[in-house]
K.L.:
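Here's a structure for you.
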Amino acid sequence: MGIIGLISVCMFLYGLIHKINTIRKLPLFLPSQIHPIPTSPIRYIIKEVLIFKEVKKRNVKMWVFTLFLHWGVYLYLTYAALIALDLLVFKSWKWHVNIGLFSCSIGAVGSTGLIVLRLSKRSLRYLTNLKKWLNLLLLTLMFTTGLFCALRGVLAPAYTALLYSILSLDFFNLVFPVSYIS
């Protein structure tokens with residue numbers, strides 16, 4: 001299991017560096033031509049990131065699943081931060097388990113709904129490339145694994161063990177949440 005943990009950390013870092021380089025190479029005028037920003041950019045960006053107002057205007061069905069998926073990710077990251085804080089500081093918080101269950105539930109609904117929507121609507125199917133399919137599949141697997149762990153009552157110990165391995169830089173002994181489902 002140690003080599004898998006090291007490979008996954010390396011793949012994550014490679015993907016992160018690749019994404020940063022791709023964004024860095026974009027011309028400055030490109031984002032504003034694709035998606036024009038109104039006069040108050042900060043407020044507009046915050047609204048767009050939190051409630052996806054433009055997506056709602058164009059496709060309400062897709063908006064619901066997009067909202068669920070993204071809020072699932074936001075809450076999932078909050079859950080991971082709370083576990084890390086618990087490991088580093090408090091050592092006894094247990095109320096964050098509800099956030100984990102809720103984030104996995106709405107994230108699984110959102111990602112699964114987007115997959116079904118993209119499969120059923122021809123216009124969306126043609127706009128979805130292999131990278132988007134793999135991203136949705138990965139998010140669906142992440143959320144459903146977390147949901148199964150939460151329903152079995154092992155979500156907190158599974159992610160606590162994983163985050164402890166990451167925070168202590170012990171990549172050869174990473175414990176993956178999937179190993180808790182048996």
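Residues: numbered from 1 along the sequence shown.
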K.L.:
Enumerate donor-acceptor pairs with a distance under 3.5 Å from any side-chain N or O in residues 61-72 to protein atoms, sequence neighbours excluded.
P.N.:
| unit_1 | atom_1 | unit_2 | atom_2 | d |
| --- | --- | --- | --- | --- |
| Trp63 | NE1 | Ile51 | O | 2.6 |
| Trp63 | NE1 | Phe52 | O | 3.4 |
| Thr66 | OG1 | Met62 | O | 2.7 |
| His70 | ND1 | Thr66 | O | 2.9 |
| Trp71 | NE1 | Leu50 | O | 2.8 |

K.L.:
Which value, rounded to the nearest 0.5 Å, describes the distance between Phe148 atom CZ and Cys104 atom SG?
P.N.:
11.0 Å
K.L.:
Before we go on, tell me: are the rings of Phe102 and Tyr79 under 6.0 Å apart, centre to centre?
P.N.:
no
K.L.:
Could you tell me whether a side-chain N or O of Thr112 sits under 3.5 Å from a main-chain N or O of Val109, the two making a donor and an acceptor?
P.N.:
no
K.L.:
When clusters are formed by joining ILVMFWY residues with side-chain heavy atoms under 4.5 Å apart, either directly or through shared neighbours, do Leu117 and Leu119 land in the same one?
P.N.:
yes
K.L.:
Which heavy atom of Leu75 sits nearest a heavy atom of Ile99, and at what distance?
P.N.:
O-CG2, 3.7 Å
K.L.:
How far does CD of Glu48 sit from NZ of Lys53, to the nearest 0.5 angstrom?
P.N.:
8.5 Å
K.L.:
Answer yes or no: is there a donor N or O on one side and an acceptor on the other, between the side chain of Arg118 and the main chain of Arg125, under 3.5 Å?
P.N.:
no
K.L.:
Taking all atoms of both residues into account, what is the closest heavy-atom pair of Ala108 and Leu147, and its distance?
P.N.:
CB-CD2, 4.5 Å
K.L.:
Which atom pairs, donor and acceptor, lie under 3.5 Å between side-chain atoms of residues 15-23 and protein residues at least two apart or in another chain?
P.N.:
| unit_1 | atom_1 | unit_2 | atom_2 | d |
| --- | --- | --- | --- | --- |
| Asn21 | OD1 | Arg24 | NE | 3.4 |
| Asn21 | OD1 | Arg24 | NH2 | 3.2 |
| Thr22 | OG1 | His18 | O | 2.8 |

K.L.:
With side-chain hydrogen bond (donor to acceptor under 3.5 Å, both in side chains) as the rule and sequence neighbours excluded, what pairs involving residues 129-139 come up?
P.N.:
none
K.L.:
Hydrophobic clusters here meaning ILVMFWY residues chained together by side-chain heavy-atom distances under 4.5 Å, can you tell me if Val73 and Leu137 are in one?
P.N.:
no
K.L.:
Test of understanding: clusters of I, L, V, M, F, W, Y form through side-chain heavy atoms closer than 4.5 Å, transitively. Do Ile106 and Val49 belong to the same one?
P.N.:
yes
K.L.:
Going hydrophobic residue to hydrophobic residue with side-chain gaps under 4.5 angstrom, can you get from Tyr76 over to Leu85?
P.N.:
yes
K.L.:
Return the minimal non-hydrogen interatomic distance between Leu124 and Thr128, and the atom names on each side.
P.N.:
O-OG1, 2.7 Å
K.L.:
Check for me, please, whether Met142 and Leu136 land in the same ILVMFWY cluster - side-chain distances under 4.5 Å, paths through other members count.
P.N.:
yes
K.L.:
Do the side chains of Ser111 and Ile115 get nearer than 4.5 Å, heavy atoms only?
P.N.:
no
